Amino acid sequence: MQKIKSLMTRQGLKSPPESLSDLGAIESLRVPGKEEFRELREQPSDPQAEQELINSIEQVYFSADSFDIVRYELEKLPPVLNLQELEEYRDKLKQQQAAVSKKVADLILEKQPAYVKELERVTSLQTGLQLAAVICTNGRRHLNIAKEGFTQASLGLLANQRKRQLLIGLLKSLRTIKTLQRTDVRLSEMLEEEDYPGAIQLCLECQKAASTFKHYSCISELNSKLQDTLEQIEEQLDVALSKICKNFDINHYTKVQQAYRLLGKTQTAMDQLHMHFTQAIHNTVFQVVLGYVELCAGNTDTKFQKLQYKDLCTHVTPDSYIPCLADLCKALWEVMLSYYRTMEWHEKHDSEETVSASEGSNVMGTEETNFDRGYVKKKLEHGLTRIWQDVQLKVKTYLLGTDLSIFKYDDFIFVLDIISRLMQVGEEFCGSKSEVLQESIRKQSVNYFKNYHRTRLDELRMFLENETWELCPVKSNFSILQLHEFKFMEQSRSPSVSPSKQPVSTSSKTVTLFEQYCSGGNPFEIQASHKDEETEDVLASNGYESDEQEKSAYQEYDSDSDVPEELKRDYVDEQTGDAPVKSVSRETLKSRKKSDYSLNKVNAPILTNTTLNVIRLVGKYMQMMNILKPIAFDVIHFMSQLFDYYLYAIYTFFGRNDSLESTGLGLSSSRLRTTLNRIQESLIDLEVSADPTATLTAAEERKEKVPSPHLSHLVVLTSGDSLYGLAERVVATESLVFLAEQFEFLQPHLDAVMPAVKKPFLQQFYSQEFEQFNRRLNEVSKRVRIPLPVSNTLWEHCIRLANRTIVEGYANVKKCSNEGRALMQLDFQQFLMKLEKLTDIRPIPDKEFVETYIKAYYLTENDMERWIKEHREYSTKQLTNLVNVCLGSHINKKARQKLLAAIDDIDRPKR
């Protein structure tokens, strides 16, 4: 019936009811028989008319089986029945039934072959099923025969064999579980042996094996136990990692890193390592200072352990201050050395891993390893500055805990020497200039040195006022380098001299402190080893080989009083009047008549005890300058005051003749008078007693001055028998000459320090200002977002202003040598390097403005004239200074006038 419906659907007919039984509800709509089908097919028909009849059937007749046709037709009847209409409607229904019946008959007959074929297939399937039943019956019969053929013993043998195999597997599992149960003993042994990689590898393998036997109830407890053991291993591994901070051991650290790599926590290990280094610095300094404080306190009171480190530093006694500082630096050196060796280890193993990775084929593993390696490298590089900052802050806190002014000079120098050594360590450690330590020690050093210098000037005045101007008996081969104060200049490597300032050795590579002491030793143990290890041997018994020679020398000198006037006036620079220049050399004195200048025939230096004391002071001042270069300008200024005061005293004692000066017959040059006036105005306190009405500023200025010295009453200059103190005059003037020569001898050493002193102008001063500006800008950007164009604009204005200020500073230079010009260029390049690290602005604004001005120093006359006309961006002052500075080097006075006129022509339209 369903096939009939589908066929009717494909033929475009409306769907008949779900089954033909629905038609049985109406007697007239029955299914025609076979004969009726034949009759229907034999009746003449019009297919189009039949199709129209079928289409005219109401749709409701094709609804579900529950449709009641009779009820439907009865409900359609009108209230008043008309027989004729009913008959007509009945005939219509019969015609529709006949059309449907005929259509059904046609479809049935059309599908008759397919029905027959399908029936044959069903018959064939029935035959196949009967054959399968026969086969199954035969199989059952054969199985019964096989069952009867085997014995119970054979089946039992097979069952036992299967059971044996199961028991063997169970025994293997039990042995594995037994081994797992005993793993904790082996793990404990491996941890005691510090075999962390092996312990972690064993624990991980046990966990993997335990997961295989997790269906056993005893394994769940074992899994929990293994996890606890793994966590315990990580805790012990963290303790082992912390030991690296104070005493680096390459084998120990290798095991620790391998262990963390097995855990997959390489980055975590590096984070923990930096935390341990920070903690190690704090614990180390606290324990060192606490040990000295408790030792000096002499009791077992534990109150000091509860103090903060800052407060604890204030309890260090002066006697234990220096040893404590030395031990503090030793301990911090060990921490920094451990960090240095840690970085070395990673650099070495990174290179080895890179080579091995290039030979492998695991791309994913290599990328992960490279990522970890990059993270570790950045972390270590960042940690350098962080650790050094922590070290500086700890040492700075210690230094501020005690007033250094209470120490004697040698002790104070010793403290500075230790700090200088530490700053050298910091510079080699991370390239830092140790700004924190420098600023801290500089403030205390300047105050200390000012007070020390003031005291030394007062002592110098006392020495001069008690000086009898007699020869100090020194050996003929006397050199200031033989004095203890100048021993630091002879040492091949002073503990306080940075490697860059060491004499050039035969090796081109400079060995750093970390390379030198990497295998053992401590740079801060050198401090006391060289102190007072050599004695001075500079004094002769009487300065002469024999008494006869001494007597003869004095007699010969007294017999010839024709002392050249140039010996009296060639002690001051005729050009500047400020600094001493080379006087008559020893070779020149030898070439003249022996009786003219010499006091003895062994040519021993002529100097007095006061001269020797001044030289010793100069040596101490140079030690200070050498150790603490940021205050070198102050030290050099104080050194010059020593010479100025000595020169002023000699002139006051022996050279000034007020009566001759008043008549215009004085023999002193104008330059000498200018120099003496400068010394008198800046250094000499002419007021005997303080004026109570004087202002505070005047009182402060007087503190910087020294009263004028007075000649000892033991020195007689009015006796004609002694040629009016000629011997004393010669000794005094010759001692001044000798002192001037020593300053000239020390000039190269001072020049070696001066570039390091000049650098702070650009590299430190401006660099510090820009670094502070950068920090403040970042702090502001955390609160309010600063757009990149605004940030760049701020940097551009600051840099441009700084560069123009530099040029203005160069324009204030009075004189400049070729070395000075090179130093300008070097300083500016260093400044640019510092600046490029702080900002991404390229190019640097007004960079050419500075470089072009510096290069202009080397131009010839014609090139400079053209350069002046082309570069009108510089001010008249800057151009004029450029011409004046070049005067005498490669531009003569005539060319100078020409260039100045060109500058004036350029400036005239601006007026």
Side-chain angles (χ1 to χ4, degrees), residues 385 431-433 435 630 755-814 816 818-859 863-886 899 902-903 906-907 909-910:
T385 306
S432 173
K433 296 299 181 182
E435 291 86 358
V757 176
K758 294 175 183 177
K759 285 181 182 178
F761 173 71
L762 294 181
Q763 295 184 28
Q764 291 186 11
F765 177 76
Y766 268 156
S767 297
Q768 290 177 0
E769 293 294 328
F770 277 116
E771 287 173 357
Q772 185 178 8
F773 172 76
N774 188 38
R775 286 194 298 269
R776 292 177 176 175
L777 192 62
N778 291 334
E779 291 175 358
V780 173
S781 63
K782 292 178 181 178
R783 300 193 301 268
V784 179
R785 187 183 69 85
I786 300 180
L788 182 60
V790 176
S791 176
N792 290 341
T793 302
L794 292 173
W795 275 106
E796 181 179 357
H797 283 292
C798 292
I799 296 172
R800 195 180 302 278
L801 180 60
N803 284 335
R804 292 189 175 272
T805 304
I806 291 173
V807 173
E808 188 65 21
Y810 289 159
N812 291 323
V813 174
K814 300 301 180 183
C816 184
N818 291 331
E819 293 78 11
R821 299 179 190 119
L823 184 59
M824 287 180 182
Q825 185 69 25
L826 177 62
D827 283 351
F828 185 67
Q829 292 301 322
Q830 294 291 333
F831 169 66
L832 291 178
M833 292 173 60
K834 294 265 187 178
L835 200 58
E836 289 173 352
K837 295 179 181 179
L838 297 175
T839 177
D840 295 330
I841 296 180
R842 300 293 185 277
I844 298 296
D846 278 350
K847 172 185 174 183
E848 294 79 7
F849 184 77
V850 181
E851 291 180 339
T852 305
Y853 189 81
I854 296 176
K855 294 176 182 178
Y857 283 101
Y858 302 93
L859 297 177
D863 293 337
M864 183 170 288
E865 184 177 4
R866 183 171 60 256
W867 184 90
I868 290 173
K869 294 179 180 179
E870 293 175 354
H871 293 80
R872 302 194 176 189
E873 64 271 21
Y874 298 99
S875 66
T876 303
K877 173 189 174 183
Q878 294 167 353
L879 297 175
T880 304
N881 177 268
L882 183 65
V883 174
N884 291 332
V885 169
C886 294
L899 294 174
I903 295 173
I906 295 174
D907 184 62
K910 301 178 183 179

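All residue numbers refer to positions in the sequence shown, counting from 1. Small disclaimer: the values here were computed from a predicted structure and weren't measured.
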Exercise for the section: Check the pair Tyr810 / Met824 against side-chain contact (heavy atoms from CB on, under 4.5 Å), numbers first and verdict last. Expected result: CA-CA 8 Å; Tyr810 289 159; Met824 287 180 182; 3.7 Å; yes
Do any N or O atoms from the side chain of [X] and from the backbone of [Y] form a donor-acceptor pair under 3.5 angstrom?
{"X": "Glu870", "Y": "Trp867", "result": "no"}
{"X": "Arg842", "Y": "Glu836", "result": "yes"}
{"X": "Asn803", "Y": "Pro845", "result": "yes"}
{"X": "Asp863", "Y": "Leu859", "result": "no"}
{"X": "Thr852", "Y": "Glu848", "result": "yes"}

To the nearest 0.5 Å, how far apart are [atom1] in [X] and [atom2] in [Y]?
{"X": "Thr880", "Y": "Leu899", "atom1": "OG1", "atom2": "CG", "value": "10.0 Å"}
{"X": "Asp846", "Y": "Glu851", "atom1": "CG", "atom2": "CD", "value": "11.0 Å"}
{"X": "Ile903", "Y": "Thr876", "atom1": "CD1", "atom2": "OG1", "value": "7.5 Å"}
{"X": "Leu835", "Y": "Gln829", "atom1": "CG", "atom2": "CD", "value": "12.0 Å"}
{"X": "Ser781", "Y": "Arg776", "atom1": "OG", "atom2": "CZ", "value": "14.5 Å"}

Handout entry: Asn881/Asn812 under side-chain contact (heavy atoms from CB on, under 4.5 Å): CA gap, chis, key distance, verdict
Key = CA-CA 7 Å; Asn881 177 268; Asn812 291 323; 5.9 Å; no
Problem - Heavy-atom check, side chain of Phe831 versus side chain of Ile806, under 4.5 Å - result: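 Sidechains of Ile806 and Phe831: in contact.
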Practice task
Check step by step if side-chain contact (heavy atoms from CB on, under 4.5 Å) holds for Thr839 and Phe770.
Solution key: CA-CA 10 Å; Thr839 177; Phe770 277 116; over 6 Å; no
Handout entry: Aromatic contact, Tyr853 with Tyr874 (centres under 6.0 Å)
Key =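 Yes.
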Shortest non-hydrogen contact between [X] and [Y], atoms and distance:
{"X": "Gln878", "Y": "Ala811", "result": "CG-CB, 3.7 Å"}
{"X": "Ile786", "Y": "Leu777", "result": "CD1-CD1, 3.6 Å"}
{"X": "Val883", "Y": "Met864", "result": "CG2-SD, 4.2 Å"}

Handout entry: Residues which pass ring pair (Phe, Tyr, Trp, His ring centres under 6.0 Å) with His797, listed by chain and number, not counting sequence neighbours
Key =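 Result, ring pair (Phe, Tyr, Trp, His ring centres under 6.0 Å) vs His797: none returned.
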Practice task
Evaluate side-chain contact (heavy atoms from CB on, under 4.5 Å) for Asn778 paired with Asn774, printing each intermediate quantity in order.
Solution key: CA-CA 6 Å; Asn778 291 334; Asn774 188 38; 3.8 Å; yes
Handout entry: Pair Lys877 + Glu808, salt bridge at N-O below 4.0 Å
Key =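 Salt bridge between Lys877 and Glu808, a charged N being under 4.0 Å from a carboxylate O: yes.
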Handout entry: Basic-acidic side-chain contact under 4.0 Å: Lys869, Glu865
Key =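 Salt bridge flag = yes for Glu865 with Lys869.
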Handout entry: By salt bridge (Lys or Arg N to Asp or Glu O under 4.0 Å) - contacts of Lys847 (at least two apart)
Key =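 By the salt bridge (Lys or Arg N to Asp or Glu O under 4.0 Å) rule, Lys847 matches no residue at all.
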Practice task
Taking side-chain hydrogen bond (donor to acceptor under 3.5 Å, both in side chains) as the test, write out the residues that go with Glu796, two or more places apart.
Solution key: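 Per chain and number, Glu796 pairs via side-chain hydrogen bond (donor to acceptor under 3.5 Å, both in side chains) with Arg800.
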